[in-house]
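Worksheet: the structure to be examined is printed underneath.
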There are 2 protein chains.
Amino acid sequence: MPADRGQTAGRATISEVAAEAGVGRATAARTLGGYGHVSPELRKRVLEAAEKLGYRANALARSMSTGVSHTIGVIVADIGNPFFAGVVRGICDASRARGFDTIVLSTYEELDEEIAAMNVLIDKRVDGVVVASAALSGRDVGHVKEALKRGVPVVLVDRAVPSLDLDAVVIDNRDAAREAVERLIAAGHRRIGFVWGPPVPEPPATRRELLAAASRNLWTDGERLRGYLDALDDARIPFDPELVMVGRKVEERVTEEVARMLALPDRITALFCTETEAVTGALRALRAAGLSYPRDVALIGFDDSAWAAVMDPPLTMIEQPVHELGAKAAEVLLDIVRGAEPGRRIHTLRSRLIERSSVAPPPA
Amino acid sequence: MPADRGQTAGRATISEVAAEAGVGRATAARTLGGYGHVSPELRKRVLEAAEKLGYRANALARSMSTGVSHTIGVIVADIGNPFFAGVVRGICDASRARGFDTIVLSTYEELDEEIAAMNVLIDKRVDGVVVASAALSGRDVGHVKEALKRGVPVVLVDRAVPSLDLDAVVIDNRDAAREAVERLIAAGHRRIGFVWGPPVPEPPATRRELLAAASRNLWTDGERLRGYLDALDDARIPFDPELVMVGRKVEERVTEEVARMLALPDRITALFCTETEAVTGALRALRAAGLSYPRDVALIGFDDSAWAAVMDPPLTMIEQPVHELGAKAAEVLLDIVRGAEPGRRIHTLRSRLIERSSVAPPPA
DNA sequence: CTGTTAGCGCGTTCAG
DNA sequence: CTGAACGCGCTAACAG
């Protein structure tokens, strides 16, 4: 009794095809695998047999002998986040164009999850991984080094990791932030709120403390904060710790913090929001306070979307090349997979400040 | 000379661990694989050896012998689309909770891509797949039947496929649409535009033609259109083919069509938008026409988001349980993977009409 | 050009 | 309780 293990139905193997065609396994394998040479005659017979049996190669078995899986892994914070969804789409498109499939894992900014995700990918023998890592310090990158040690190339996307000498595809967050804040300053603002800062419980008293807190968190956030400070410095505007948000990065928290900044004796007249949720949260706070933009407060945010353009007035936003970010990362990775030397350099893509109508001079 | 095939670095096999521990492969396999019984003594030695060598099981090899990959496949139109991104996140979360990983493929609504995607998943020997299929007619579902025949369970998400007797996790699109349009009618509207219809070149002259066109397209779109017609019928409002959009489903096209409806002698006073892009496109058209909502035209759209809530005025929207849609689909699928009988039934999740301020009576 | 044979790394009988 | 041996499906040397 032929062991009907699992569902053998329709599961033809290469040997069965060979038998059906009356040739050796290798001949069948060669024509079906598309390598080596086979006489047209036998080739035809094999193809017909395969067709008849509904043969489909077992990618697992193939990977076992070749050592390559034609699959790359992707680790991001949250596939449900529009920014990452766009990046992942870029990665998928670019890798599929090169014949690679993608397996995506979300970490929710949890380092433990990131480590677990990396292990899953290593175990599944992916040919490489692109990761938007939450790691920053030298001791947080063990899992990345582990992958590298095991011969799995890694490319960073969205976030560079200073302690890791790897290829990274990012935008110049610091510069983008500086440009946005400069735009606010040029409009006459001096009390500019920075929304979506480091998630520390206590507001840092000094600039040094703030920077220290930032350097313990997401790379992008730190860079954007530096850009904010750069612009302030250039304009000789004193840094005020009360104007930066701290706490959990959720919309509700943003709303609270912006409300606080709005209630200050010397209240903010402009807002720089470094995330989509920071923008919507800020908008909620404005409405609750009965204020409107750009009349009462000017506004610039990160991550443009169709919504930002249809707001009334439309929002001035920083647009990131999301798709390209992912596509480029995949390309760099796949070049390495195909034998290229890792470039170990930072690929910086251009972001763009899209000026619309949410910036005006401060109220008199 | 030990064949340094690829990067053998750090790639310890179970045999090497066994050798290091001085036991047979099987013993090492048993302790490392977590099955069978092993004496505490040997167990300890094996574990130490594994630790020392940095052993990690090869999931591919394991899948080869067990026949299961602990991976499910996901096929959606576009992972970059916020709706699908949310659904996929639900799928990933739920399946990871059960120890399954996910490989996601986008089809961009191209049936060929969907077929190719299914083949990739079959070849990779996933344990099951959840698909938001663009298929509708009986002859479009060959690839799904193929998967089934090969023993790969399939669950539908977001879109049911009438000709397929499978488990499906959806919302009641028809009812949701009807409720929204009823709301508009209750406010006094009779000229209600339907935005995001079937992508036919010519506007269907009759209701029958329209329905026929719809039945050749996305299931969700057809259902929403039926809900729209239901509401019209109940209120004895005659159907006017000029009030439904046709053409490519892109924001620019929406803007054109809405502009057209706005320019009609007996122009629309309300808009029902069945997609996010339909909403933003409609908003653009309104602005261009110098009209505002809800004063000049009332508006209800599908797929709520944080943006819709911060618009001024905030938008009345239909909220879909995106995460739950995905999570439920994954759960149903994994139950089947674990041996449960396919229920072959439609699981309908509740959507919700979130009333905000984009609906008002028509202008006098 | 073709068929035979030996792995890839792991799970799993089957003796010992 | 342990270890040797076989098989999963395929690729890749190696002969013929």
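Letters go in sequence order (proteins before strands), and every chain restarts at 1.
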Just the rounded figure in Å: distance from [atom2] of [N] to [atom1] of [X].
| X | N | atom1 | atom2 | result |
| --- | --- | --- | --- | --- |
| Glu16(A) | dG9(D) | CD | C1' | 10 Å |
| Ile14(B) | dC6(D) | CD1 | C1' | 16 Å |
| Met64(B) | dC8(C) | CE | C1' | 9 Å |
| His37(A) | dA12(D) | NE2 | P | 15 Å |
| His70(A) | dC10(D) | NE2 | P | 15 Å |
| Leu60(A) | dT11(D) | CG | P | 12 Å |
| Asp123(B) | dG9(D) | CG | P | 14 Å |
| Arg43(A) | dC1(C) | CZ | P | 12 Å |

His347(B) and Asp167(B): side-chain donor and acceptor closer than 3.5 Å? yes

Nearest to the side chain of [X], heavy atoms from C-beta on, is which of [options]?
| X | options | result |
| --- | --- | --- |
| Thr13(B) | dC10(C), dC1(C), dT11(D) | dC10(C) |
| Ala61(B) | dG9(C), dT11(D), dT2(C) | dG9(C) |
| Asn58(B) | dG9(C), dG3(C), dG11(C) | dG9(C) |

Using a strict cut-off of less than 4.0 Å between a Lys/Arg side-chain nitrogen and an Asp/Glu carboxylate oxygen, indicate whether [X] and [Y] qualify as a salt bridge.
| X | Y | value |
| --- | --- | --- |
| Arg98(A) | Asp335(A) | yes |
| Arg96(B) | Glu113(A) | yes |
| Lys44(B) | Glu48(B) | yes |

Across the strands shown, which category fits Leu42(A) at heavy-atom distances under 4.0 angstrom: base, sugar-phosphate, nothing? sugar-phosphate

For Ala57(B), which contact category applies under a 4.0 Å heavy-atom criterion: base, sugar-phosphate, or nothing? sugar-phosphate

As an exercise, state the distance from CG of Leu136(B) to CG of Leu164(B), rounded to the nearest 0.5 Å. 10.5 Å

Per the under-4.0 Å heavy-atom filter, residues of residues 22-33 of chain A near DNA chain C come out as Val23(A), Gly24(A), Arg25(A), Ala26(A), Thr27(A), Arg30(A)

Flag if over 12 foreign heavy atoms under 6.0 Å of NZ, Lys328(B): no

Does dT2(C) have its OP1 or OP2 closer than 4.0 Å to a side-chain nitrogen or oxygen of Ser39(A)? yes

Shortest non-hydrogen pair, Ala12(B) vs Tyr55(B), comes out as O-CD1, 3.3 Å

